[in-house]
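Worksheet: one structure, shown below.
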Amino acid sequence: MAILETPRLILRPFDEKDVDQMSELMANPDFMRFSLGVFTREQTVAFLDKFIGWERRGLPSQFAVIHRNDNRLIGYCGFFHQEVDETDEIEIGYRLDPDYWSRGLATEAAQAVRDHGFCDLKLPRVISLIHPNNLPSRRVAEKNGMKIEKKTVFRGFPTLVFAITREQWLTTGVAG
Ligand SMILES: CC(C)(COP(=O)(O)OP(=O)(O)OC[C@H]1O[C@@H](n2cnc3c(N)ncnc32)[C@H](O)[C@@H]1OP(=O)(O)O)[C@@H](O)C(=O)NCCC(=O)NCCS
């Protein structure tokens with residue numbers, strides 16, 4: 001059970017006790033931008049159960065993002081399991097509390113997750129699936145060393161596939 005630490009964040013596995021705080025975040029339309037919409041409490045419970053299940057089975061999963069200064073749970077960053085154009089992929093995905101945007105925190109979290117994926121989990125590559133109009137998320141992917149590989153349609157939406165391979169991570173100097 002990995003716990004990742006960065007200067008301003010702790011990324012730890014989700015717990016059933018996170019439901020209240022996550023339900024509040026997932027009911028916020030800004031937190032849920034570029035998704036199908038806000039979640040009910042029941043949908044949030046199912047979402048967290050999925051992460052807890054992956055974690056128990058030893059699969060890459062999402063982390064709860066804790067802001068060290070105030071000890072608040074401010075969102076999630078970690079791995080999703082996706083099928084993109086009939087290929088299984090591991091995605092790095094993230095959402096943060098709007099009160100904490102534009103401080104470099106998503107980048108800090110995503111870089112720690114990327115390094116964990118390559119260093120500890122030995123993943124061959126990771127992607128991020130991003131709507132072309134989601135400029136902040138595109139910027140986070142770029143700062144995570146990813147490049148646009150292609151444009152596709154994912155779950156009915158135009159989607160940019162950002163990717164970085166383990167080889168690129170090792171050779172481009174982004175590896176910590
Ligand atoms: C995407 C998200 C996680 C980014 O979080 P964050 O902590 O604000 O990200 P960072 O501060 O690390 O980086 C954001 C970058 O986007 C840039 N940015 C912000 N708003 C922007 C805009 N409207 N146009 C262009 N760039 C923008 C910031 O300047 C920053 O880049 P910089 O470091 O070069 O200045 C956050 O906006 C979010 O939760 N959005 C809603 C959910 C979402 O879209 N998730 C991703 C789904 S693919």
Side-chain angles (χ1 to χ4, degrees), residues 4-12 14 18 21-40 43-44 47-48 50-51 54 60-85 87 89-117 123 125-164 169 172-174 176:
L4 313 182
E5 295 189 20
T6 73
R8 291 176 292 171
L9 303 170
I10 292 173
L11 279 69
R12 57 141 175 90
F14 274 103
D18 297 322
Q21 274 166 289
M22 282 304 291
S23 297
E24 198 177 312
L25 286 172
M26 298 194 78
N28 178 337
D30 285 329
F31 184 84
M32 296 303 278
R33 281 189 75 208
F34 295 100
S35 74
L36 291 176
V38 296
F39 272 23
T40 62
Q43 286 172 308
T44 303
F47 194 62
L48 296 190
K50 191 169 61 178
F51 302 158
W54 288 341
S61 189
Q62 286 289 332
F63 293 92
V65 177
I66 313 296
H67 189 244
R68 281 175 187 261
N69 255 356
D70 52 14
N71 205 29
R72 282 186 67 86
L73 169 55
I74 61 167
Y76 66 77
C77 181
F79 301 110
F80 287 119
H81 302 261
Q82 307 286 20
E83 189 183 314
V84 184
D85 299 337
T87 302
E89 300 273 17
I90 302 285
E91 181 192 11
I92 296 181
Y94 31 76
R95 289 185 184 277
L96 292 188
D97 183 335
D99 288 348
Y100 294 78
W101 286 358
S102 292
R103 304 186 199 177
L105 290 171
T107 302
E108 195 168 309
Q111 289 176 346
V113 165
R114 174 203 66 196
D115 290 350
H116 171 59
L123 300 176
R125 76 185 224 127
V126 290
I127 65 165
S128 284
L129 299 170
I130 303 177
H131 190 284
N133 297 346
N134 192 348
L135 299 180
S137 184
R138 288 176 63 155
R139 189 71 196 114
V140 172
E142 283 166 8
K143 291 189 288 179
N144 209 11
M146 293 181 167
K147 298 262 184 306
I148 298 175
E149 191 174 73
K150 62 178 172 179
K151 189 171 177 182
T152 189
V153 175
F154 182 73
R155 296 183 183 155
F157 291 94
T159 299
L160 296 172
V161 180
F162 280 79
I164 180 170
W169 174 75
T172 55
V174 287

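All residue numbers refer to positions in the sequence shown, counting from 1. Remember, it's a predicted structure, so these values are computed and weren't measured experimentally. Both counts, for ligands and for their atoms, begin at 1 and track the order of listing.
- Counting the atoms of ligand 1 from 1 in the order shown, those under 4.0 Å from a heavy atom of Asp30 are 41 (C).
- Inside a 4.0 Å radius of atom 29 (O) of ligand 1 there is not any protein heavy atom.
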(request) Walk me through it: do Ile90 and Ile127 pass the test side-chain contact (heavy atoms from CB on, under 4.5 Å)? (result) CA-CA 6 Å; Ile90 302 285; Ile127 65 165; over 6 Å; no
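- Of the candidates Arg95, Met32, Glu91, Lys143, it is Lys143 that places a heavy atom closest to atom 13 (O) of ligand 1.
- What sits closest to atom 45 (N) of ligand 1 on the protein, heavy atoms only, is Tyr94 O, 2.9 Å.
- The structure places CD1 of Ile92 at 9.5 Å from CD of Gln62, a figure rounded to the nearest 0.5 Å.
- Between Trp54 and His81, the ring-plane angle classifies as perpendicular under the 30° and 60° cut-offs.
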(request) Quick one: do Asp18 and Tyr76 satisfy side-chain hydrogen bond (donor to acceptor under 3.5 Å, both in side chains)? Show the steps, please. (result) CA-CA 11 Å; Asp18 297 322; Tyr76 66 77; over 6 Å; no
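- The heavy atom nearest to atom 27 (C) of ligand 1, out of those in Ala106, Cys77, Pro136, Ser35, is found in Pro136.
- Looking only at heavy atoms of the protein, atom 38 (C) of ligand 1 is closest to Trp101 NE1, 3.3 Å.
- Each of the atoms 10 (P), 12 (O), 13 (O) of ligand 1 lies under 4.0 Å from some heavy atom of Thr107.
- A 6.0 Å sphere centred on CZ of Arg72 holds no more than 12 heavy atoms belonging to other residues, nucleotides or ligands.
- Nearest to atom 47 (C) of ligand 1 among the protein's heavy atoms is Asn134 ND2, 3.7 Å.
- The closest side-chain heavy-atom distance from Tyr94 to Leu105 is not below 4.5 Å.
- Proximity of atom 19 (C) of ligand 1 to the protein is indicated by at least one non-hydrogen atom lying closer than 4.0 angstrom.
- Atom 25 (C) of ligand 1 has as its closest protein heavy atom Leu135 CB, 3.6 Å.
- Counting only heavy atoms, the protein never gets under 4.0 Å from atom 35 (O) of ligand 1.
- Here the protein heavy atom with the shortest distance to atom 11 (O) of ligand 1 is Gly104 N, 2.8 Å.
- Using a 30° and 60° split on the angle between ring planes, His116 and Phe63 fall in the perpendicular class, above 60°.
- Ion pair Arg68/Glu5 flagged as a salt bridge, since at least one NZ, NE, NH1 or NH2 atom sits closer than 4.0 Å to an Asp/Glu carboxylate oxygen.
- Expressed to the nearest 0.5 Å, how far CE of Met26 lies from CE of Met32 amounts to 3.5 Å.
- Looking from atom 8 (O) of ligand 1 to the surrounding protein, the closest heavy atom is Ser102 N, 2.7 Å.
- Heavy-atom distances between Asp97 and ligand 1 stay at or above 4.0 Å for every pair.
- Interface of Leu96 with ligand 1, defined as ligand atoms under 4.0 Å from a residue heavy atom, comprises 7 (O), 39 (O).
- In this structure, Asp70 places its CG atom where more than 12 heavy-atom neighbours from other residues, nucleotides or ligands lie under 6.0 Å away.
- Taking every non-hydrogen atom of Phe31 and a distance limit under 4.0 Å, the qualifying atoms of ligand 1 come out as 41 (C), 42 (C).
- Among all protein heavy atoms, the one lying closest to atom 31 (O) of ligand 1 is Arg139 CG, 3.1 Å.
- Contact atoms of ligand 1 toward Leu129: 48 (S) (distance under 4.0 Å to a heavy atom of the residue).
- Identified under the salt bridge (Lys or Arg N to Asp or Glu O under 4.0 Å) test for residues 148-157, with sequence neighbours left out: Asp85-Lys150, Arg125-Glu149.
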